[in-house]
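Numbers for residues simply follow the sequence, beginning at 1. Start at 1 and go down the list; that is how both ligands and their atoms are numbered.
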Amino acid sequence: MISTRRDFIRHAAVLTAGATAIPALSFADIDSIEDASKKIEALSPLDAAAEEDFWFTVQQAFTVSPNIINLNNGGVSPQPKIVQDALDRYNRIANEGPAYYMWKVLGDARENVRRQLAELGGVSPDEVAINRNSSEGLETVILGLNLKEGDEVLTTTQDYPNMMSALHQRELREKIKVVKIKIPVPCEDPQEIVKRFREAITPKTKAILMCQVINLTGQILPVRGVADMAHEKGIEVICDGAHAFAHLDFKIPDLHCDYYATSLHKWLSAPFGSGMLWVKKEKIKDLWTLLADPNPQSENIRKFETLGTRSFPIELGIGTAINFHNGIGAKRKEERLRYLKNYWAEKVVKIPKVKLNTSLKKEFSCALCNFTIEGWEPAVLQEKLFNDYKIFTTPITHDEFKGIRITPHVYTTLNDLNYFVSAVEKIAKG
Ligand SMILES: Cc1ncc(COP(=O)(O)O)c(C=O)c1O
């Protein structure tokens, strides 16, 4: 049992550096993280969010380029060096004799990753499948539910395109019906969202697909409120956790949903192409797999992992990313991400012509925030920010709103955010 954050960091380093000569963190790195964390141990996560000395140490764990300012960490996150090193090491081990080392040695170790993921999500390992990303997990559910012609699936106009495509495919192929509601931008009334879902339900509604955090604006949705309302009517809830897992400090059972999928290469900073699907125990049997398993109606969550040959090194790297995440502390990380978002957003919102598409109240957003400058198309503004300032952002053009999405990460410095704010100021002034 690893009891303290410091122990987690040491454990992570030993796990990674243990078997080969490739060092994960140097002892100097570990000592500086220990020293830094000693200074903030007595602080609440909220107070620790502003302790630049501690966050400087965290920043040093990444190998990001100083040549661009990356404010699109929502798309995919960089991995700390310790995770990159773990991935390299597992890859080298696999290449010593792939069929033996990958399938017989590394394959067994996946069970430990499953246990770590389950612990992080607050669920049973028997409900956790390791896969490649949110799209794979959510499409497994969307395409695997027993639905017949005329059945309805309810979602929003702001859900992710891949999931809309999966639903659309079922519309074309099996004649199900997809109903979409609008979510106000921004929205500070969770009851309004529950109400909109409730009002769109018909006797034919069988499932609801919704985000925990909308990728376009960072809006946090009341999944639990919607799930409780839906369950009263016998409707299942699929939660898209792509932007919430290892970002917000919560446990999956808090949400009361039936299915949950996430990408671990986003906020957990795990290797690219790593994800997780959680299926409530009693739902596993009736959910069809995306790739056929010999026992399609088995109650074993591993039936969703019959994916053929893939990279076990990537999957094992997840364990190291979890150790790193736990080393920082989930609540402390959430507060730091919200602090960074507030740091720039509270400044730019005071600039004439700038408007936010995201609520700054803590219940409704954390790291992600969307802003606009009057008169600027998102794609043109994104280009301007990159060409003139080397600031990399995400343009969002939606039927109902448009803007630029900004996502800092734990390695983002206040200096970078000051530079970004001054760039917005100059552009807005024309
Ligand atoms: C809300 C949401 N769902 C799902 C996905 C898909 O994630 P992935 O490409 O890792 O499958 C994304 C990607 O950004 C997303 O923002």
Engineer: Indicate the atoms forming the closest heavy-atom contact of Leu340 with Pro408, along with that distance.
Structural biologist: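 Taking Leu340 first and Pro408 second, the nearest heavy atoms are CB-CG, 3.9 Å.
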Engineer: Is NZ or CZ of Lys347 both nearer than 6.0 Å to the six-membered ring centre of Tyr343 and within 45° of the ring axis?
Structural biologist: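 Lys347 over Tyr343 ring: yes.
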Engineer: Tell me which protein heavy atom sits closest to atom 9 (O) of ligand 1, plus the residue, atom name and distance to 0.1 Å.
Structural biologist: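 Sorting protein heavy atoms by distance from atom 9 (O) of ligand 1 puts Ser135 OG, 3.9 Å first.
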Engineer: Are any side-chain N or O atoms of Asn300 and backbone N or O atoms of Lys303, one a donor and one an acceptor, separated by less than 3.5 Å?
Structural biologist: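 Not confirmed, Asn300 side chain does not pair with Lys303 backbone.
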Engineer: Can you name the atoms of ligand 1, numbered from 1 with element, that are less than 4.0 Å from a heavy atom of His265?
Structural biologist: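 Heavy-atom distances to His265 below 4.0 Å select 10 (O).
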Engineer: Identify the protein heavy atom lying closest to atom 15 (C) of ligand 1, giving its residue, its atom name and the separation to 0.1 Å.
Structural biologist: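 Of every protein heavy atom, Tyr160 CD1, 3.3 Å lies nearest to atom 15 (C) of ligand 1.
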Engineer: Does the residue Glu136 have a heavy-atom contact with ligand 1, meaning some pair of atoms that are separated by less than 4.0 Å?
Structural biologist: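 So Glu136 does not count as touching ligand 1.
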Engineer: Going by heavy atoms, is Met163 under 4.0 Å from ligand 1?
Structural biologist: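 Under 4.0 Å: yes for Met163.
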Engineer: So does Gly74 get a backbone contact from the side chain of Thr407, meaning a donor-acceptor N/O pair under 3.5 Å?
Structural biologist: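 Side chain of Thr407 to backbone of Gly74, a donor-acceptor pair under 3.5 Å: yes, one is there.
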Engineer: Give the numbers and elements of all ligand 1 atoms closer than 4.0 Å to a heavy atom of Ala242.
Structural biologist: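 By the 4.0 Å cutoff, the relevant atoms are 2 (C), 3 (N), 4 (C), 5 (C), 12 (C), 15 (C).
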Engineer: Counting from 1, what ligand 1 atoms have a heavy atom of Ser263 closer than 4.0 Å?
Structural biologist: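 With Ser263 as reference, the close atoms of ligand 1 come out as 7 (O), 8 (P), 10 (O), 11 (O).
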Engineer: Looking only at side chains, do Tyr411 and Gln60 share a donor and an acceptor under 3.5 Å apart?
Structural biologist: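 No pair is found: no donor N or O on one side chain lies under 3.5 Å from an acceptor on the other.
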Engineer: Does the cation-pi check pass for Lys390 over Phe386, that is, NZ or CZ under 6.0 Å from the six-membered ring centre and within 45° of its axis?
Structural biologist: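 Here Lys390 passes the 6.0 Å and 45° test against Phe386.
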Engineer: Could you tell me if any non-hydrogen atom of Asp240 lies under 4.0 Å from any atom of ligand 1?
Structural biologist: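 Contact check Asp240 vs ligand 1: positive.
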Engineer: Out of all atoms in ligand 1, which are within 4.0 Å of some heavy atom of Lys266? Include the element for each.
Structural biologist: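 The atoms of ligand 1 under 4.0 Å from a heavy atom of Lys266 are 7 (O), 12 (C), 13 (C), 14 (O).
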Engineer: Specify whether Trp344 and Phe371 have parallel, tilted or perpendicular ring planes, treating 30° as the upper limit for parallel and 60° as the lower limit for perpendicular.
Structural biologist: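 The rings of Trp344 and Phe371 stand perpendicular, inter-plane angle above 60°.
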